[in-house]
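Working notes, structure below.
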Amino acid sequence: MSQRVEIGVDVSRAVSQILSGQLVAIPTETVYGLAADALNPLAVARIFEAKQRPKFDPLIVHIASQETLALIAKNVPLIIQKLIDQFWPGPLTVVLPKHECVPDLVTSGLSSVAIRMPDHPLALQLIQQSEKPLAAPSANLFGRTSPTTALHVAEQLEEHVAYILDGGPCKVGIESTIIGLCNDVPTLLRPGGITIEQIESLLGKGAISSSYSENQSTDSPLAPGQLKEHYAPLTPLIIAKKPHRPDGCRRVGLLTLQKAELDQQRPELFFEVIEELSSTGNLTEAASNFFAAIRRLDAEGLDLIIATPFPAYGLGFALNDRLSRAAR
Ligand code: AMP
Ligand code: MG
């Protein structure tokens, strides 16, 4: 592929581009982000244009210190502070009432703002050195598979970014967990890289409202932008517990956690390509491979991708969420 955008590790170059209102792709532990100065509405507008993202889908603001948190969020309830102290920097986003300085475009006109502190040295350096909070959704076209390497970003968005900071493959590999407050009760708005089990071991069982599963079946969920169709490859993807090649499909690919757990003895006989996410069934390893595996399958020119569901605990919960939105 001919590369029209530069990829590198030059943080000072990225700083000047952020300060001049341009877009920089940044590595984080979850997925690569398409970052702009969150306090500059013109720069933020470029994110929506580049991604073709609808304006009703609010962005997450990335910060590098809790002092910045106080500048953009109005008050931080004790229970949210507890989560922040435990999980930041890391894949946890909190939704809090916003200060005036946060442009309406960032929050899609909501009076609340979503904030997190990413756990990646290059992202943190960029935020610290530019002295700006960064609005950054995933660096892919809207609705498509999230990028977990610098090259993934270049494949889709090279014409739109000034520079891609290359921090290597993303360690966690799926997006952050989002927690908001509903009638003062912490509520799961999106499952992600911090598991419910981790949150419950900190706050106690049942401390987080579980309205998420009810919400996701509707078209007007609690968290705006949590659309039913998302993360989708161009190849049709279906989910099946017992994957078999349907009649009429010549080339079918399989996405599975662990081959050894499949019913079939010789899956190679039925599937053109198999992506096994972790030969030991490790969900952390599976999450870090997940989006890249979907991209590889999508590049194979298959008729169909069949994915087996993940176990419904730990990171499996977030992985099943991504899978169900990628399916059609
Ligand atoms: P991403 O698409 O990974 O950039 O994550 C952004 C998602 O965070 C949005 O699609 C919303 O679901 C959620 N979000 C962002 N801001 C808010 C907010 N103020 N209130 C509720 N959810 C939000
Ligand atoms: Mg995204």
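Count residues from 1 along the sequence. What you are looking at is a predicted structure, and each value in this text was computed from that prediction instead of being measured. We count ligands from 1, going down the list as the structure has it; atoms in each ligand are counted the same way.
Within the 3.5 Å criterion, the main-chain N or O of G206 finds a donor-acceptor partner in the side chain of E200. For E158 (side chain) and R4 (main-chain N/O), a donor-acceptor pair under 3.5 Å exists by modelled atom type. A distance-only check finds a donor-acceptor pair linking the side chain of R251 to the backbone of E300 [under 3.5 Å].
Atom numbering of ligand 1 starts at 1 in the shown order; those under 4.0 Å from a heavy atom of L110 are 18 (C), 19 (N), 20 (N). Shown in contact with D57 at under 4.0 Å from a heavy atom are these atoms of ligand 1, numbered in order with element: 9 (C), 10 (O). Which parts of ligand 1 touch V95 is read off a 4.0 Å heavy-atom cut-off, strictly below it: atoms 18 (C), 19 (N), 20 (N). Residue contact check: S112 has heavy atoms under 4.0 Å from atoms 18 (C), 19 (N), 20 (N) of ligand 1. For ligand 1, the atoms sitting less than 4.0 Å from at least one non-hydrogen atom of I178 are 7 (C), 8 (O), 13 (C), numbered in the order shown with element in parentheses.
Separation of atoms CG (L319) and CZ (F291) is listed at 8.5 Å; rounding is to 0.5 Å.
Considering only heavy atoms from C-beta on, I199 comes within 4.5 Å of L83 through its side chain. Taking 4.5 Å as the limit, every side-chain heavy atom of T187 sits out of range of all side-chain heavy atoms of I208. Side-chain contact between D184 and P77 is absent, with no heavy-atom pair separated by less than 4.5 Å.
Residue contacts with ligand 1 include I60, since one or more of its heavy atoms lies under 4.0 Å from the ligand.
By the criterion of a heavy-atom distance under 4.0 Å, the side chain of R53, and not its backbone, is placed next to ligand 1.
Comparing heavy-atom distances from atom 4 (O) of ligand 1 across P137, G192, P54, S111 singles out P137 as nearest. Relative to atom 1 (P) of ligand 1, the option among R116, R190, E175 with the closest non-hydrogen atom is R190.
For a distance bound of 2.8 Å, the N, O or S atoms of S138 include one lying that close to the Mg ion (ligand 2).
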